[in-house]
Amino acid sequence: MDLFLIAIVLLYFAFGIYSLFIHPEEAEQQLALPAWLRVRQIGQLKQVVAELILVILFVLFLRVVLQSFEESGSDMSWGRIATIMLLPVSTALLALALRLVELHPKPRRSAAPNSNSREVQKPLPKE
């Protein structure tokens, strides 16, 4: 599964490099890419690669946990539990750091219009 994820991200990365650096003047309609493959900034590519690393670390954690349960059964020592928990804690810290850095800020979605951005309506001129 992690190889499939890596392949998808490498495909996305290749299209992004192509559209940003190799042929930036080519129109998006000419490339006929779906909306999720369109890259407008290099920050998008960095964000995707960083998110891929997080997903791979999570899959690796699941693999390590399943292998340790298979080897030892239900007998787990505190040292072994601490060793297993090292990977998810470090992954969570990496995800938090990625969130704080915001390589490519995503647009904010708001349900209601902002009350501070009210437009002042001018009265219509009298004829």
Side-chain angles (χ1 to χ4, degrees):
M1 181 169 161
D2 48 345
L3 293 177
F4 181 70
L5 291 171
I6 292 171
I8 288 177
V9 170
L10 287 177
L11 177 72
Y12 178 82
F13 197 76
F15 278 122
I17 294 294
Y18 178 81
S19 65
L20 285 176
F21 299 112
I22 297 174
H23 286 284
E25 70 278 351
E26 240 177 282
E28 289 181 358
Q29 293 81 15
Q30 187 179 1
L31 290 176
L33 294 175
W36 64 274
L37 271 179
R38 293 188 183 136
V39 178
R40 290 174 177 71
Q41 297 175 353
I42 192 73
Q44 282 179 289
L45 292 175
K46 290 190 235 178
Q47 185 78 25
V48 168
V49 170
E51 289 171 356
L52 170 73
I53 291 170
L54 288 175
V55 170
I56 289 173
L57 285 174
F58 181 71
V59 170
L60 178 67
F61 165 68
L62 290 177
R63 185 184 309 159
V64 167
V65 168
L66 290 175
Q67 286 175 351
S68 67
F69 279 132
E70 184 179 288
E71 290 173 1
S72 65
S74 62
D75 299 331
M76 295 288 284
S77 66
W78 286 107
R80 191 167 188 118
I81 291 173
T83 304
I84 291 173
M85 292 306 292
L86 181 66
L87 189 60
V89 169
S90 60
T91 304
L93 289 175
L94 184 63
L96 179 65
L98 180 64
R99 176 71 178 174
L100 292 176
V101 170
E102 285 190 31
L103 295 172
H104 178 69
K106 294 180 178 151
R108 306 266 184 221
R109 294 181 188 173
S110 60
N114 194 354
S115 61
N116 295 336
S117 65
R118 293 183 198 161
E119 292 183 19
V120 178
Q121 294 181 355
K122 296 179 182 178
L124 294 173
K126 294 181 182 179
E127 293 180 15

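Fair warning: this is a prediction, and the values are worked out from it, not measured in the lab.
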**Asked** What heavy-atom pair brings Leu98 and Ala50 nearest, and what distance separates the two atoms?
**Response** CD1-CB, 3.5 Å
**Request:** With side chain to side chain contact (heavy atoms under 4.5 Å, CB included) as the test, would you mind laying out the steps for Val49 and Phe13 before giving the verdict?
**Result:** CA-CA 8 Å; Val49 170; Phe13 197 76; 3.9 Å; yes
**Asked** Distance from Phe58 atom CZ to Leu54 atom CG, nearest 0.5 Å?
**Response** 11.0 Å
**Asked** So, Gln67 side chain and Val64 main chain: donor-acceptor pair closer than 3.5 Å or not?
**Response** no
**Request:** Each residue besides Ile8 in its hydrophobic cluster should be listed here, by chain and number; the cluster joins Ile, Leu, Val, Met, Phe, Trp and Tyr at side-chain heavy-atom distances under 4.5 Å.
**Result:** Phe4
**Request:** Quick one: name the residues clustered hydrophobically with Leu96, using the 4.5 Å side-chain heavy-atom rule over I, L, V, M, F, W, Y, and just say none if it's on its own.
**Result:** Leu100
**Asked** Does one hydrophobic cluster hold both Leu10 and Phe21, with members joined at side-chain heavy-atom distances below 4.5 Å?
**Response** yes
**Message:** Hydrophobic clustering (ILVMFWY, side-chain heavy atoms < 4.5 Å, transitive) - are Leu86 and Val65 grouped together?
**Reply:** no
**Message:** Which residues pass the side-chain contact (heavy atoms from CB on, under 4.5 Å) test with Leu87, not counting sequence neighbours?
**Reply:** Leu57, Leu60, Phe61, Ser90, Thr91
**Request:** Just jot down the side-chain contact (heavy atoms from CB on, under 4.5 Å) partners of Ile56, sequence neighbours excluded, or say none.
**Result:** Ile6, Leu52
**Item:** Tyr12 atom OH: more than 12 heavy-atom contacts under 6.0 Å
**Value:** yes
**Request:** Return each pair, listed once, that meets salt bridge (charged side-chain N to carboxylate O under 4.0 Å, His left out) where at least one residue sits in residues 55-68; pairs must be two or more places apart or across chains.
**Result:** Asp2-Arg63
